[in-house]
Amino acid sequence: DQQVKQNSPSLSVQEGRISILNCDYTNSMFDYFLWYKKYPAEGPTFLISISSIKDKNEDGRFTVFLNKSAKHLSLHIVPSQPGDSAVYFCAASLPPSHNAGNNRKLIWGLGTSLAVNP
Amino acid sequence: NAGVMQNPRHLVRRRGQEARLRCSPMKGHSHVYWYRQLPEEGLKFMVYLQKENIIDESGMPKERFSAEFPKEGPSILRIQQVVRGDSAAYFCATAPGQYNEKLFFGSGTQLSVL
């Protein structure tokens, strides 16, 4: 029962071009979405997030778009750089009241491995 | 990842042995999450703890797994009588509060069961 889906296991992009990573979800109760980046042998690092009350959030080269009606979000990286090569995870969170102790546990996609070629 | 310390980085155990994984949160963080990543899978929530309390253990296997976060010292994830299927990367993530969506992760412990 994969509530957060990243259907592309891998993506290859040329340096300087745009990278678009996609994520679909099934639970309309999710109210917060996050993107994490992970290098081999390291833990995930927070990249950018978006609340369900917004449809776009931008931070430098990274922009996340949320389409609630389609239950879809995407991460745009422009321009892509070789150092962006990593695995990108999409994660979603239910409102705290849905979880024991009002916590913000995350539900993760399987990740997309991005390779940015020089 | 700086600040959340996990050790050991790599742990090798034979079937039937015990595994103890440690997590020291970032300074000022008193909320700890443990996640497991099996090969070719995404991260799966295991347990959420605050100091001295297990708040949400809905992702923990019913047997052999336990977690604690004592008043002093690191959080411990303990796996008794390990089996090959326990081989995975175990990540600890911490936050300053229970409502924080943004988590800070350690580098993980790679558990290999022979």
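Here is the naming used below: chain letters follow the sequence lines, and residue numbers restart at 1 for every chain.
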Looking at chain B, which one of A:Ile107, A:Leu34, A:Val87 has the largest number of heavy-atom pairs inside 4.5 Å, strictly under?
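Winner by heavy-atom pair count: A:Leu34.
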Report the option among A:Gly111, A:Pro95, A:Ala41 that has the most heavy-atom pairs separated by less than 4.5 Å from atoms of chain B.
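Looking at each option in turn, the highest pair count goes to A:Ala41.
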A:Gln81 CD: over 12 foreign heavy atoms closer than 6.0 Å
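It does: A:Gln81 CD has more than 12 such atoms within range.
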I'd like to know whether CZ of A:Arg61 has more than 12 heavy-atom contacts from other residues, nucleotides or ligands below 6.0 angstrom.
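Enclosed: over 12 neighbouring heavy atoms sit under 6.0 Å from CZ of A:Arg61.
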A:Pro44 versus B:Leu43, closest heavy-atom pair with distance:
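Between these two residues, the closest heavy atoms are CG-CD2, 4.1 Å.
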Which pair of non-hydrogen atoms, one from A:Glu42 and one from B:Phe91, has the smallest distance, and what is that distance?
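Looking at all heavy atoms of both residues, the shortest contact is O-CE2, 3.8 Å.
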same_hphob_cluster([X], [Y]) at 4.5 Å side-chain heavy-atom cutoff:
| X | Y | answer |
| --- | --- | --- |
| B:Val32 | B:Ile76 | no |
| B:Leu77 | B:Leu111 | yes |
| B:Tyr33 | B:Ile79 | no |
| B:Val4 | B:Met46 | no |
| B:Phe45 | A:Tyr32 | yes |

Examine whether an atom of B:Gln37 lies under 4.5 Å from a heavy atom of chain A, and if so say whether it belongs to the side chain, the backbone or both; otherwise answer neither.
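The side chain, not the backbone.
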Yes or no on side-chain contact (heavy atoms from CB on, under 4.5 Å) for A:Tyr36 and B:Phe105, after CA distance, side-chain angles and deciding distance?
CA-CA 10 Å; A:Tyr36 279 79; B:Phe105 280 80; 3.7 Å; yes
Under a 4.5 Å heavy-atom cut-off, does chain B meet the side chain of A:Tyr39, its backbone, both or neither?
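For A:Tyr39, neither part sits under 4.5 Å from chain B.
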Can you say whether A:Ala91 sits under 4.5 Å from chain B via the side chain, the backbone, both, or neither, judging by heavy atoms?
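For A:Ala91, no heavy atom lies under 4.5 Å from chain B.
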Point-to-point distance, once rounded to the nearest 0.5 Å, from CG of A:Leu47 to NZ of B:Lys102:
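NZ of B:Lys102 is found 10.5 Å from CG of A:Leu47.
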With a 4.5 Å heavy-atom cut-off, do B:Tyr35 and A:Leu106 have their side chains touching?
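The answer is yes; the side chains approach within 4.5 Å.
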